[in-house]
Amino acid sequence: MRTRSLCVKKIVMNMIELQNVKVTYSTGDGIERISFNVAPGEMVFLVGPSGAGKSTVLKTIYLEEWPEEGHVRVADFHSLFIKNKDIPYLRRHLGVVFQDFKLLHDRDVFSNVSFVLEVIGQRKKEIKRHVLRALADVGLSHKSRKYPMELSGGEQQRVSIARAIVNEPNIVLADEPTGNLDPVTASEILDVLVRIHSRGTAVLLATHNYNMVKDYKGRIIRIEHGHLV
Amino acid sequence: MMNSLVYSIQEAFDGFRRARVSTFMTIFTISFLLFIITLFSILFLNADRLVNTLHAEYDIQAFISNTYSEEEVESLRQRVMRLEEIGEVEYVSKKQAAIEFQQEFGDEFFDILEENPLPASLIVKLKQEHQNVNNVKSISAKIAEWEGIDETVHSVTGFDLLIKVSNSARVALVVLLTIVVLGSMFVVSNTIRLIINARRHIIETMELVGATHAFIRRPYLLEGLFQGFLGGTFAAIIVFILLQIVDAQWPNLIWMPATYLLGLVAAGVIFGFLGSLFAVKRFL
């Protein structure tokens with residue numbers, strides 16, 4: 001009985017849980033036997049060379065890729081039981097930052113961040129409050145009416161981070177967030193993510209650059225050729 | 001719900017602004033196709049009218065034997081009236097027939113002949129709902145068998161070919177109209193699909209931040225609906241102006257129901273909505 005209650009406690013404690021996850025692409029690449037957890041408020045660096053499978057791991061977490069073996073759990077959503085229509089609700093528990101930013105170039109910075117809240121039907125007043133706070137967190141309040149093309153790469157990534165944190169997710173997934181940036185800007189972006197983490201948000205950051213993250217406080221998970229090492 | 005609906009409407013209008021050329025093309029396509037459909041409809045409605053006019057002659061004339069007395073003729077008339085399909089029966093006496101004949105051919109006829117050779121007859125008219133070629137033929141044949149009736153004649157025989165042709169023409173028009181409607185749905189769907197394809201990056205990002213498919217679809221459906229409305233309204237204005245011009249030149253040449261223009265707007269809305277529905281279904 002005690003063992004069972006401990007197990008339940010453990011499940012509830014982990015924000016994200018991957019158990020023996022396997023994904024194979026038609027090219028033969030992919031990931032295999034990936035198991036790890038991320039606890040609330042934890043900082044985890046997923047480190048490995050390009051093509052090692054870091055992005056695939058993150059994609060299985062927000063279910064853009066489905067594990068063909070094993071399972072993924074995010075909060076109460078379980079890959080073995082989730083229905084397609086519930087995937088959007090799983091994603092609302094996460095904030096995702098992409099290497100290529102994925103900003104919408106037809107709308108300004110404010111709208112790029114606000115549409116995450118429009119999606120979940122927040123009230124206008126609330127949206128404004130949250131967006132202004134998120135933009136202040138990444139130091140871009142003064143550029144809210146600029147369009148993405150008018151910003152530098154580092155600033156675009158900050159917008160992407162503001163978008164990821166605006167609905168106050170429990171965890172932020174960052175897929176090579178500094179991959180397209182120069183070292184100084186990359187370090188600034190990392191500082192922004194660390195600041196977000198320091199306020200209690202869990203961060204899972206995938207990067208090929210071990211040297212950049214080795215001095216930060218956090219757990220490091222290594223991945224090579226689709227396997228954890 | 002209200003907030004996301006407001007967002008969808010705003011997005012739909014922003015979509016107009018962001019893709020002016022595609023939006024204009026969709027509206028133009030819908031207008032043009034509705035205009036083509038209108039041309040077909042004019043043919044369809046007015047061809048129908050012509051055929052209906054020709055079909056108006058559904059009388060049967062039953063010639064009565066010369067040996068029959070007035071009473072016997074009356075009982076024959078009653079017998080015809082009892083048939084379910086018959087609306088009215090008019091008796092044309094020998095004398096009346098002679099007068100009509102005389103009016104048509106002149107007085108010489110009775111100068112030549114000593115007695116009136118024309119038989120009395122019953123002009124049998126079918127009820128409106130039973131007026132068709134088959135009924136005329138079958139009733140005519142049935143009455144011809146009766147005692148006291150020498151012969152029956154009707155005028156639908158000459159129309160047989162014309163009716164066949166007009167029926168085929170109507171079928172052809174319906175087929176063409178269906179093809180044009182389906183074609184227009186396809187064109188509208190493809191135009192909207194191009195618009196959506198250009199925005200797939202936005203759709204992908206929306207999916208990644210947790211937008212439901214229904215939420216992503218809604219602005220496109222509204223956009224299709226608005227475009228359809230504008231396309232339909234534009235087509236209705238053009239058709240209205242053209243009908244005025246034609247009517248001024250050739251009064252009563254073309255007949256259109258008063259609600260047709262409203263129907264055009266409604267058809268535009270339906271085209272736009274269904275077109276965008278098919279288009280988004282391919283993506284989401």
Side-chain angles (χ1 to χ4, degrees), chain A residues 55 58-59 61-65 74-75 77 83-98 100-108 111-128 134 147-148 159-167 169 172-173 175, chain B residues 1-26 191-224 226-227 276-277 279-284:
Chain A
S55 294
L58 296 195
K59 282 178 180 173
I61 294 173
Y62 56 84
L63 287 184
E64 183 150 309
E65 297 291 347
V74 176
F77 297 93
K83 290 175 183 157
N84 272 337
K85 67 177 176 62
D86 290 327
I87 293 176
Y89 301 100
L90 173 151
R91 291 178 180 170
R92 291 176 194 181
H93 281 73
L94 309 165
V96 188
V97 179
F98 304 93
D100 59 354
F101 322 137
K102 290 201 190 301
L103 297 180
L104 307 179
H105 293 278
D106 62 348
R107 57 198 79 192
D108 63 21
S111 302
N112 260 283
V113 179
S114 69
F115 94 93
V116 176
L117 300 175
E118 310 267 13
V119 158
I120 56 174
Q122 281 255 22
R123 292 171 57 195
K124 281 273 171 216
K125 207 173 159 190
E126 285 295 297
I127 290 174
K128 194 171 178 187
Y147 280 77
V159 178
S160 170
I161 294 171
R163 186 182 63 192
I165 61 169
V166 73
N167 63 343
V172 170
L173 308 179
D175 188 4
Chain B
M1 184 64 196
M2 197 58 205
N3 290 320
S4 64
L5 189 64
V6 170
Y7 171 80
S8 298
I9 293 170
Q10 272 174 356
E11 276 293 300
F13 279 109
D14 280 354
F16 278 22
R17 189 174 50 77
R18 289 179 196 132
R20 285 194 192 98
V21 177
S22 316
T23 302
F24 173 77
M25 281 308 294
T26 314
T191 317
I192 294 176
R193 193 164 64 90
L194 286 176
I195 295 176
I196 296 177
N197 195 32
R199 293 187 213 162
R200 67 185 185 285
H201 176 57
I202 299 175
I203 292 176
E204 191 186 302
T205 309
M206 289 178 97
E207 282 186 308
L208 290 176
V209 300
T212 58
H213 283 183
F215 181 88
I216 300 172
R217 272 183 208 143
R218 209 181 300 142
Y220 296 105
L221 295 181
L222 286 173
E223 205 171 323
F226 292 149
Q227 287 174 347
S276 53
L277 185 67
V280 292
K281 283 270 182 191
R282 290 196 203 177
F283 284 87
L284 297 163

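FYI, side chains are in, hydrogens and waters are out, and symmetry mates aren't considered; it's all heavy atoms of this structure. Just so you know, these numbers come straight off a predicted model, no measurement behind them. All chains are named by letter (A, B, ...) in the order of the sequence lines, taking the proteins before the strands, and each is independently numbered beginning at 1.
Between Phe98(A) and Thr205(B) the shortest side-chain heavy-atom distance does not fall below 4.5 Å. A heavy-atom distance below 4.5 Å is not found between the side chains of His213(B) and Ile87(A). Within the 4.5 Å cutoff, side-chain heavy atoms of Leu104(A) are placed close to those of Ile202(B).
Side chain of His201(B) to backbone of Leu103(A): a donor-acceptor contact under 3.5 angstrom is found.
Looking at every heavy atom in both residues, Val209(B) comes nearest to Phe115(A) through CG2-CE1, 4.0 Å. Closest approach of Val119(A) and Ala211(B) over heavy atoms only: CG1-CA, 3.2 Å.
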Would you sort out whether Ile120(A) and Phe215(B) count as a side chain to side chain contact (heavy atoms under 4.5 Å, CB included), showing the intermediate values? CA-CA 9 Å; Ile120(A) 56 174; Phe215(B) 181 88; over 6 Å; no
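Using a 4.0 Å cut-off between a side-chain N of Lys or Arg and a carboxylate O of Asp or Glu, Arg91(A) and Glu207(B) do not qualify as a salt bridge.
Interatomic distance, Met206(B) CE to Lys102(A) NZ, rounded to the nearest 0.5 Å: 15.0 Å. Atom CG of Leu208(B) and atom CG of Leu63(A) lie 11.5 Å apart (nearest 0.5 Å).
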